[in-house]
2 protein chains.
Amino acid sequence: MAHSHDVPSDLTRNQGLVLGALNHSEGPLSAYDILDKLRGDGLRAPLQVYRALDKLVERGLAHRLESLNAFVACADEHCHRKGLIAFAICEGCGKVDEFADAVIEDRLGDWASAKGFKVERTTMEIRGKCAVCVEAA
Amino acid sequence: MAHSHDVPSDLTRNQGLVLGALNHSEGPLSAYDILDKLRGDGLRAPLQVYRALDKLVERGLAHRLESLNAFVACADEHCHRKGLIAFAICEGCGKVDEFADAVIEDRLGDWASAKGFKVERTTMEIRGKCAVCVEAA
DNA sequence: TCTTGATATGTTATGTTATTACGCTTGCGG
DNA sequence: CCGCAAGCGTAATAACATAACATATCAAGA
């Protein structure tokens with residue numbers, strides 16, 4: 001099996017660097033965190049990072065966490081998810097757990113059809129403490 | 001019945017002004033939007049607005065929309081909701097529809113117990129087009 | 001080959017959102 | 001009256017994001 005952090009070969013240099021930074025991180029990184037990690041590789045301006053992030057998110061290789069203004073690599077390396085993804089964000093250790101739930105997705109779909117609302121994208125973020133950090137408390 | 005935009009009487013001046021601004025708005029407002037609306041009432045600094053918003057959100061009188069970095073008055077004026085609230089945000093007209101769904105909440109609860117994750121707060125935001133704006137397209 | 005268009009890049013400047021730090025004021029219980 | 005908690009005012013700054021403009025790279029088609 002391929003390494004879980006292999007990266008598609010058709011990424012541009014900047015996209016590859018940014019995805020690499022996300023893959024090597026334990027937790028979410030802000031665009032400026034990423035920039036700082038990549039100054040040694042020649043990146044100088046926020047826009048270089050934001051542009052790469054846009055593409056990565058568009059392709060499902062990374063996700064934006066709205067409630068943190070930060071980004072994570074997609075956890076599902078080989079078949080980047082379609083549809084609704086939920087994130088559980090631990091306030092203790094900062095780790096993020098990514099999951100999908102068909103029931104929730106259906107339920108939202110039902111609401112949307114009832115209302116005539118055309119869904120384009122959904123963000124779902126749970127803040128709290130992971131098992132390890134609850135234990136530690 | 002009371003006016004739908006009545007406001008609790010124990011708010012401070014700044015809190016009242018900020019909630020008033022949200023209540024009179026068609027859609028979400030950023031903190032700086034609110035500040036601009038309230039300069040005539042003596043507000044001068046972002047912090048005055050952020051402090052009021054913190055309290056209002058804490059009391060459930062207003063909600064923060066993470067994906068917009070903006071705020072709305074709670075739609076459910078008299079019994080401010082507990083638990084999970086979802087928001088459908090129209091990219092066309094900017095209006096926000098607020099709703100609760102017990103099934104989704106249960107489903108998340110199940111996931112959380114299975115993982116030992118202690119949920120503190122959940123944000124759920126659907127972006128898309130409302131019926132009116134789909135029609136108009 | 002040449003040109004054209006799409007995509008990516010680099011750089012500067014600026015816009016937008018949010019917080020830190022500090023000090024004063026107000027109201028209330030002891 | 002004192003002390004404390006909550007609120008307020010102000011200035012400065014931090015953190016997040018985009019606009020505007022110029023240049024580069026490369027593949028498809030005349």
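All values below come from the heavy atoms of this structure, side chains included, with hydrogens, waters and symmetry mates left out. Throughout, a chain's letter reflects where its sequence line sits, starting with A, and its residues are numbered from 1.
Under 3.5 Å, the side chain of Y32(A) and the base of dA14(D) form no donor-acceptor pair of N or O atoms.
Separating the CD atom of E58(B) from the C1' atom of dG7(D) is a distance of 13 Å, rounded to the nearest angstrom. At whole-Å resolution of the value, CG in L65(A) and P in dC16(D) are 13 Å apart. One interatomic measurement links the two molecules: CG of D54(B) to C1' of dG7(D), which rounds to 13 Å at whole-angstrom precision. Atom-to-atom, CG of L68(B) to P of dC16(D) comes out at 18 Å; the value is rounded to the nearest Å. Look at CG on N14(B): it is 17 Å from P on dA6(D), rounded to the nearest Å. Across the protein-nucleic acid pair, R39(B) atom CZ and dG9(D) atom C1' stand 14 Å apart, rounded to whole Å. Rounding to whole angstrom units, CZ of residue R13(B) and P of dC8(D) are separated by 10 Å.
Looking only at atom types and distance, the side chain of S67(B) has a donor-acceptor partner in the side chain of R127(B) under 3.5 Å away.
Looking at heavy atoms from C-beta onward, L108(A) lies out of side-chain contact with V119(A) at the 4.5 angstrom threshold.
Aromatic rings from F87(B) and H63(B) are positioned such that their centres are separated by under 6.0 Å.
The terminal axes of the helix from dT1(C)-dA30(D) to dG30(C)-dC1(D), fitted over 5 pairs per end, subtend an angle of 20° to the nearest 10°.
Within residues 40-50 of chain B, the residues having any heavy atom closer than 4.0 Å to DNA chain D are, in order of number, R44(B), A45(B), L47(B), Q48(B).
Qualifying ring pair (Phe, Tyr, Trp, His ring centres under 6.0 Å) partners for F99(B), counting only residues two or more places apart in sequence or in other chains: W111(A). In this view, T123(A) and E66(A), E125(A), E125(B) satisfy the side chain to side chain contact (heavy atoms under 4.5 Å, CB included) rule, not counting sequence neighbours. Residues passing the side-chain hydrogen bond (donor to acceptor under 3.5 Å, both in side chains) test with D54(B), sequence neighbours excluded: none.
Place K55(B) and N69(B) on DNA chain D by their nearest nucleotides, and K55(B) ends up nearer the 5' end.
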(request) For D101(A) and R107(A), run salt bridge (charged side-chain N to carboxylate O under 4.0 Å, His left out): C-alpha distance rounded to whole Å, both residues' side-chain angles, the deciding distance at 0.1 Å, then the answer. (result) CA-CA 10 Å; D101(A) 185 305; R107(A) 195 77 186 163; over 6 Å; no

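Using a 4.0 Å cut-off between a side-chain N of Lys or Arg and a carboxylate O of Asp or Glu, R121(A) and E91(B) qualify as a salt bridge.
Heavy-atom contacts of chain B under 4.0 Å fall on DNA chain C between two terminal nucleotides, which in 5' to 3' order are dT17(C) to dA21(C).
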